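All heavy atoms count here, side chains included; hydrogens, waters and symmetry mates do not. This is a predicted model, so every value here is computed, not measured. Numbers for residues simply follow the sequence, beginning at 1.
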Amino acid sequence: MRDILGNLEAAASNPIEAARQASKTPLPKRFYKDVALLEAGGAFEVGLDGRAVKTPGLNRLILPANGAQLLADEFDAQEEYIDPKAMPVYRLLNTALDGVATDMQAVAEDVIRFAGSDLLCYRAEAPDALVSEQSEAWDPMLDWLGSRLGSRFVLAEGIMHVPQPKATMAAFSLLVSQIKEPILLAALHSMTTLTGSAVLGYAVFDGEVSAQEAWAAAHVDEDFNIEQWGDDAEAKAMRAWKFNQMKAASDLVGAILSR
């Protein structure tokens, strides 16, 4: 399954290195002038000079109007060259249709595994300020999802693994298994891996919080350390790049579910 998601995951884990590697290969020149939406049986495709965009695996990219517009905007924003790193919607769609669609169960299971050792369940023992910030940002999310599931999450201090209740995992598995659309599942997987939290990923997926709110919650520890020790330019660039992937996944979910 990691092979299916490999390109997206590798770039998300280290976009700076991905950019360096990509710089070794010349970017293709923009070969089209006009970008427009093409009707496709009640939905839309993106046309480049009238020819519909497809995935590298030649799958058609048929989307609701808002989703197709997201993709069209990415193609329209390309200037002299086409830079895949600047096209998170297109990359996620390619991953969904050429990869995730071939093994939905494995991708769903990967999301569920994150819930079994979720970021939000592992708390600092000290200092008190960080403990308080974690509780303020994370407790409402765990309470919300626990209420949805009818079962609570177990918290732990430190990094020693603590198993979650079987009822919690079973209920969350059922929620994830109900996602039958590859693009939606790919988006949930992306948001989960980018935040390190299935709870936050699903909260954005379900419309409980925005991508920005979930992103802030996922970086409570990092932001606390930045306040103490200062920021790093490369880490800041990496974080901004990852958030673009998070926002693309959230926007696609909203477009497909008409939110």
Side-chain angles (χ1 to χ4, degrees), residues 12 66 92 100 104 107-125 128-224 239 242-259:
N66 289 342
L92 182 56
V100 173
M104 296 275 286
V107 180
E109 289 174 354
D110 206 33
V111 172
I112 293 163
R113 277 193 289 272
F114 270 87
S117 56
D118 204 275
L119 166 71
L120 274 56
C121 294
Y122 292 84
R123 305 300 177 89
E125 300 177 65
D128 290 344
L130 177 57
V131 172
S132 178
E133 288 182 22
Q134 288 179 339
S135 180
E136 183 178 352
W138 297 351
D139 287 356
M141 292 293 91
L142 290 171
D143 291 344
W144 164 77
L145 187 54
S147 179
R148 281 286 305 272
L149 301 178
S151 183
R152 66 188 181 89
F153 285 87
V154 174
L155 304 186
E157 289 187 345
I159 60 174
M160 291 295 293
H161 177 68
V162 175
Q164 294 300 325
K166 291 183 179 179
T168 302
M169 295 303 299
F172 186 69
S173 297
L174 181 60
L175 272 186
V176 175
S177 69
Q178 293 170 353
I179 303 171
K180 304 300 184 182
E181 165 58 57
I183 296 172
L184 292 178
L185 185 57
L188 174 59
H189 186 277
S190 179
M191 293 189 291
T192 295
T193 56
L194 286 164
T195 59
S197 169
V199 176
L200 291 176
Y202 194 82
V204 178
F205 180 88
D206 201 52
E208 176 67 13
V209 298
S210 68
Q212 291 89 341
E213 290 169 327
W215 196 247
H219 291 83
V220 167
D221 291 6
E222 184 177 311
D223 287 340
F224 183 85
R239 177 164 161 176
K242 288 183 177 181
F243 178 71
N244 286 338
Q245 317 311 303
M246 178 80 173
K247 184 69 163 51
S250 174
D251 288 346
L252 267 178
V253 170
I256 292 172
L257 298 181
S258 300
R259 286 206 301 258

**OP:** Calculate, to the nearest 0.5 Å, the distance between atoms CG and CG belonging to Asn66 and Leu257 respectively.
**Re:** 11.5 Å
Original post:
Any donor-acceptor pair under 3.5 Å linking the side chain of Thr168 with the backbone of Arg152?
Top reply: yes
Original post:
Between atom CG of Leu145 and atom OG of Ser197, what is the distance when rounded to the nearest 0.5 Å?
Top reply: 9.0 Å
Subject >> Shortest non-hydrogen contact from Val204 toward Ser210 >> reply: CG2-O, 3.8 Å
Subject >> Test side-chain contact (heavy atoms from CB on, under 4.5 Å) applied to Cys121 and Val162, step by step >> reply: CA-CA 9 Å; Cys121 294; Val162 175; over 6 Å; no
Original post:
Any side-chain heavy-atom pair from Trp215 and Arg239 closer than 4.5 angstrom?
Top reply: yes
Original post:
Are any non-hydrogen side-chain atoms of Trp144 and Val209 less than 4.5 angstrom apart?
Top reply: no
**OP:** Could you check if a side-chain atom of Gln212 sits within less than 4.5 angstrom of a side-chain atom of Met246, using non-hydrogen atoms only?
**Re:** no
Original post:
Would you find a donor on one side and an acceptor on the other, under 3.5 Å apart, between the side chain of Ser177 and the backbone of Leu174?
Top reply: yes
**OP:** Please name the pair of heavy atoms, one in Val154 and one in Pro165, separated by the smallest distance, quoted to 0.1 Å.
**Re:** CG2-CD, 3.6 Å
Subject >> Closest approach of Val100 to Pro182 (non-hydrogen atoms, all atoms of both residues) >> reply: CG1-O, 3.9 Å
Original post:
Quick one: does Met160's side chain get under 4.5 Å of Tyr122's, heavy atoms only?
Top reply: no
**OP:** Applying side-chain contact (heavy atoms from CB on, under 4.5 Å), run through Asp221 and Gln134 and close with a yes or a no.
**Re:** CA-CA 8 Å; Asp221 291 6; Gln134 288 179 339; 2.7 Å; yes
Subject >> Side-chain heavy-atom pair His189, Ile179 within 4.5 angstrom cut-off >> reply: no
Original post:
When you look at CD of Glu109, are more than 12 heavy atoms from neighbouring residues, nucleotides or ligands closer to it than 6.0 Å?
Top reply: yes
Original post:
Do side-chain atoms of Gln164 reach the backbone of Ser117 as a donor and acceptor pair under 3.5 angstrom?
Top reply: no
Original post:
Going by an N to O cut-off under 4.0 Å, is there a salt bridge joining Arg148 and Glu208?
Top reply: no
**OP:** Evaluate the criterion side-chain contact (heavy atoms from CB on, under 4.5 Å) for residue pair Phe153 and Val199; output intermediate values, then yes/no.
**Re:** CA-CA 10 Å; Phe153 285 87; Val199 176; 4.1 Å; yes
**OP:** Dump the intermediate steps for side-chain contact (heavy atoms from CB on, under 4.5 Å) on Leu119 and Trp138, then the final yes or no.
**Re:** CA-CA 9 Å; Leu119 166 71; Trp138 297 351; 4.2 Å; yes
Original post:
For the residue pair Tyr202 and Phe172, does the interplanar ring angle fall in the parallel (under 30°), tilted (30 to 60°) or perpendicular (over 60°) class?
Top reply: perpendicular
Original post:
Do Leu188 and Val253 come close enough that some side-chain heavy atom pair is under 4.5 Å?
Top reply: no
Original post:
How close do Lys180 and Met104 get, heavy atom to heavy atom, and via which atoms?
Top reply: O-CE, 3.3 Å
Subject >> Heavy-atom pair with the smallest gap, counting every atom of Ala198 and Phe114 >> reply: CB-CB, 3.9 Å
**OP:** Look up atom CG in Leu252 and atom NZ in Lys247, then write down how far apart they are to the nearest 0.5 Å.
**Re:** 10.5 Å
Original post:
Going from CG on Leu130 to CD on Glu133, what distance comes out if it is rounded to the nearest 0.5 angstrom?
Top reply: 6.5 Å
**OP:** Please check if the side chain of Ser173 supplies one atom and the backbone of Met169 the other of a donor-acceptor pair under 3.5 Å.
**Re:** yes
Subject >> Flag side-chain contact, heavy atom, 4.5 Å: Met191 against Leu200 >> reply: no
Original post:
Where do Ala129 and Phe224 come nearest, in terms of heavy atoms and distance?
Top reply: CB-CE1, 3.8 Å
Original post:
In Å, rounded to the nearest 0.5 Å, how long is the span from CD1 of Ile183 to CG of Leu92?
Top reply: 8.0 Å
